[in-house]
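Written out below as structure tokens is the structure these notes cover.
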Amino acid sequence: MPPRARQFGADNPRAAPFVGWQRRFLGLRQLLAAKRGMRQARRNAGALAEFPVSLQLQTVTGCNASCAICPQRTIRNLFPSEAMEDALFRRLVEQCAGARELRGVGFVLQNEPLTDPTLSWKIRHFRDRVQTQAMTFIVTNGTLLTPARVEELLASGLDAMHISVNGLSREDFEQVNQGKPWETLQRNLEHFLAQDLSRVAVMLSFVRHAGQQGEIEEAVRRWRARGVSVYVHGINSRGGMVGDYERYAIPLEREPPLKRLGKDLAKKLLGCCPYPFIQMSVLASGKTLLCTHDWARREIIGDVARQSISEVWNGEHMREIRLKLLAGRSDELEACRRCDVFESATFA
């Protein structure tokens with residue numbers, strides 16, 4: 001094991017699922033949690049436990065980049081810029097405080113979370129009020145991860161950070177990452193990784209797309225040699241909202257053999273998309289999406305500005321959706337009809 005491999009998150013019990021040997025089984029645990037939810041929904045007319053396993057909060061809309069594999073450029077013209085009101089955020093946190101089922105809260109949803117100047121305060125407020133095993137995490141493109149923001153985040157109680165690197169060389173990086181300065185990302189990464197990260201699990205992610213020539217494998221080797229966890233994932237059409245999707249998509253039959261086998265097994269185990277059984281996604285306005293991948297907001301299932309999380313999670317609309325998915329009727333849902341997440345198994 002590389003000498004620094006145990007550093008990231010090793011002293012934080014909440015970060016344990018992302019650390020060491022446990023990280024290898026993270027995907028399997030998530031699949032099994034979804035399967036348990038599906039069994040419960042079958043027995044209870046679509047209803048689940050009072051709270052989702054995972055909650056994603058969009059504290060602000062927008063992103064500082066316009067990547068080729070992301071719909072940001074499109075949704076900027078469709079929906080207004082918004083920031084979650086402090087009163088709404090506080091109410092949601094109070095509801096989370098008593099939720100035994102909750103395992104993770106992502107302060108990210110269809111956005112770059114570091115565009116929120118109050119993000120660190122929000123994470124700290126959550127951590128002060130929610131004394132459970134629920135993990136806090138963000139997913140960031142890293143270009144706003146300045147030394148000052150790093151200091152704030154490390155003091156906030158953040159448990160895990162997923163940084164989307166998406167390139168080993170400048171050329172590889174610039175194929176898909178537009179508006180993200182290569183030099184800035186590299187400088188931020190080096191500074192961040194030099195900090196005491198014993199309480200923050202860190203994972204670098206790379207997207208596998210059709211334009212690559214083996215850069216992914218080299219990137220994985222280099223970063224793992226430094227003791228950094230690396231996650232390689234595919235892309236999906238984000239509900240049909242990625243305009244140049246066909247250029248970058250890799251058909252499932254062209255995936256590496258072991259990856260393809262794992263995805264086939266995951267699809268067989270589940271039988272339908274897992275997201276509505278484990279995760280709830282809350283927009284800055286309080287409206288809740290059927291799924292984090294519904295960028296067009298085709299299925300709004302409730303509004304936590306007027307309802308509780310539990311009321312939305314097990315509301316009539318959500319129960320009906322789960323039963324349709326279990327019955328193989330996803331084509332009746334507008335958000336699912338144009339989505340290839342289950343077919344491409346990008347959840348696995």
Side-chain angles (χ1 to χ4, degrees), residues 30 34 54-58 60-82 106-113 115 138-141 162-167 175-180 205-212 231-252 254-255 263 266-267 270 272-285 287-301 321 325 330-331 333-348:
Q30 292 172 331
S54 175
L55 183 66
Q56 286 194 255
L57 301 178
Q58 183 190 68
V60 297
T61 57
C63 181
N64 64 322
S66 299
C67 298
I69 55 175
C70 178
Q72 282 291 345
R73 284 174 291 189
T74 301
I75 65 170
R76 286 187 188 115
N77 297 320
L78 293 177
F79 308 115
S81 297
E82 293 183 277
F107 290 77
V108 57
L109 175 63
Q110 300 178 357
N111 71 335
E112 167 50 57
T115 59
I138 65 171
V139 180
T140 174
N141 64 41
H162 189 141
I163 305 174
S164 302
V165 179
N166 294 341
Q175 281 192 68
V176 296
N177 300 282
Q178 285 123 39
K180 293 162 60 174
S205 73
F206 292 81
V207 63
R208 188 184 299 279
H209 62 84
Q212 291 158 332
Y231 172 61
V232 179
H233 61 93
I235 62 174
N236 65 74
S237 68
R238 311 294 177 96
M241 295 292 284
V242 177
D244 213 6
Y245 177 59
E246 297 301 326
R247 175 182 174 186
Y248 296 99
I250 298 177
L252 190 57
R254 287 177 51 200
E255 292 272 14
K263 289 187 171 186
K267 289 165 66 177
L270 294 176
C272 68
C273 184
Y275 285 103
F277 299 88
I278 56 174
Q279 186 182 88
M280 183 170 171
S281 299
V282 181
L283 296 169
S285 65
K287 290 183 170 58
T288 56
L289 299 175
L290 163 62
C291 167
T292 183
H293 295 290
D294 183 13
W295 285 70
R297 306 183 187 181
R298 296 186 175 102
E299 289 282 352
I300 301 296
I301 61 171
I321 285 171
L325 291 173
S330 61
D331 59 334
L333 303 169
E334 189 176 0
C336 300
R337 193 179 306 128
R338 309 181 197 186
C339 180
D340 66 341
V341 166
F342 185 71
E343 183 58 33
S344 63
T346 44
F347 56 84

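Side chains included, hydrogens not; waters and symmetry mates left out as well; all remaining heavy atoms used. Fair warning: this is a prediction, and the values are worked out from it, not measured in the lab.
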message = Let me confirm one number: the OG-CG distance from Ser205 to Asn166, rounded to the nearest 0.5 Å.
response = 5.0 Å
message = Do Met241 and Arg338 make a side-chain contact, defined as non-hydrogen atoms from C-beta onward lying under 4.5 Å apart?
response = no
query = Distance only, no hydrogens: is a donor on one side chain within 3.5 Å (strictly under) of an acceptor on the other, for Thr292 and Gln110?
reply = no
inquiry  = Are the side chains of Ser164 and Thr140 in contact, using a 4.5 Å heavy-atom criterion?
reply    = no
task = Would you check if Leu325 and Leu333 make a side-chain contact, meaning some heavy-atom pair closer than 4.5 Å?
result = yes
ask   = For the residue pair Ser344 and Ile235, what are the closest heavy atoms and their distance?
value = OG-O, 4.4 Å
query = Do you see a donor-acceptor pair shorter than 3.5 Å between the side chains of Asn236 and Tyr245?
reply = no
query = Going by atom types alone, do His162 and Tyr231 pair a side-chain donor with an acceptor below 3.5 Å?
reply = no
query = Going by heavy atoms in the side chains, are Gln56 and Gln279 under 4.5 Å from each other?
reply = yes
inquiry  = Can you confirm whether the side chains of Asn64 and Glu112 place a donor and an acceptor under 3.5 Å from each other?
reply    = no
note = dist Glu82:CD -> Ser285:OG (nearest 0.5 Å) comes out at 5.0 Å
ask   = Can you name the closest pair of heavy atoms from Trp295 and Phe79 and give their distance?
value = O-CE1, 3.5 Å
query = For Met280 and Thr288, what are the C-alpha separation, side-chain angles and deciding distance, and is it a side chain to side chain contact (heavy atoms under 4.5 Å, CB included)?
reply = CA-CA 7 Å; Met280 183 170 171; Thr288 56; 3.4 Å; yes
Rounded distance [0.5 Å steps], CD in Glu334 versus CG in Leu290 = 11.0 Å
task = Measure from the side-chain N and O atoms of Asn111 to the backbone N and O of Cys63, and report whether any donor-acceptor pair falls under 3.5 Å.
result = no
inquiry  = For the residue pair Arg76 / Ser81, report whether a side-chain donor-acceptor contact shorter than 3.5 Å exists.
reply    = no
remark   = To the nearest 0.5 Å, atom CD of Glu343 lies from atom OG1 of Thr346 at 10.5 Å
note = Here the gap from Thr61 atom OG1 to Leu109 atom CG, rounded to the nearest 0.5 Å, amounts to 10.5 Å
query = Any idea which heavy atoms bring Ile321 and Glu299 closest together, and the distance?
reply = CD1-OE1, 4.2 Å
ask   = Between Ile138 and Pro113, what is the shortest heavy-atom contact and its length?
value = CB-CG, 4.2 Å
inquiry  = Quick check: closest heavy atoms across Cys272 and Phe277, and the distance to 0.1 Å?
reply    = SG-CE1, 3.9 Å
ask   = Okay, side chain of Asn177, backbone of Lys180: is any donor-acceptor separation there less than 3.5 Å?
value = no
inquiry  = Looking at every non-hydrogen atom in both residues, tell me the closest pair between Thr115 and Val60 and how far apart they are.
reply    = OG1-CG2, 3.3 Å
key: Between CD on residue Gln58 and CG on residue Leu283, distance to nearest 0.5 Å   = 5.0 Å
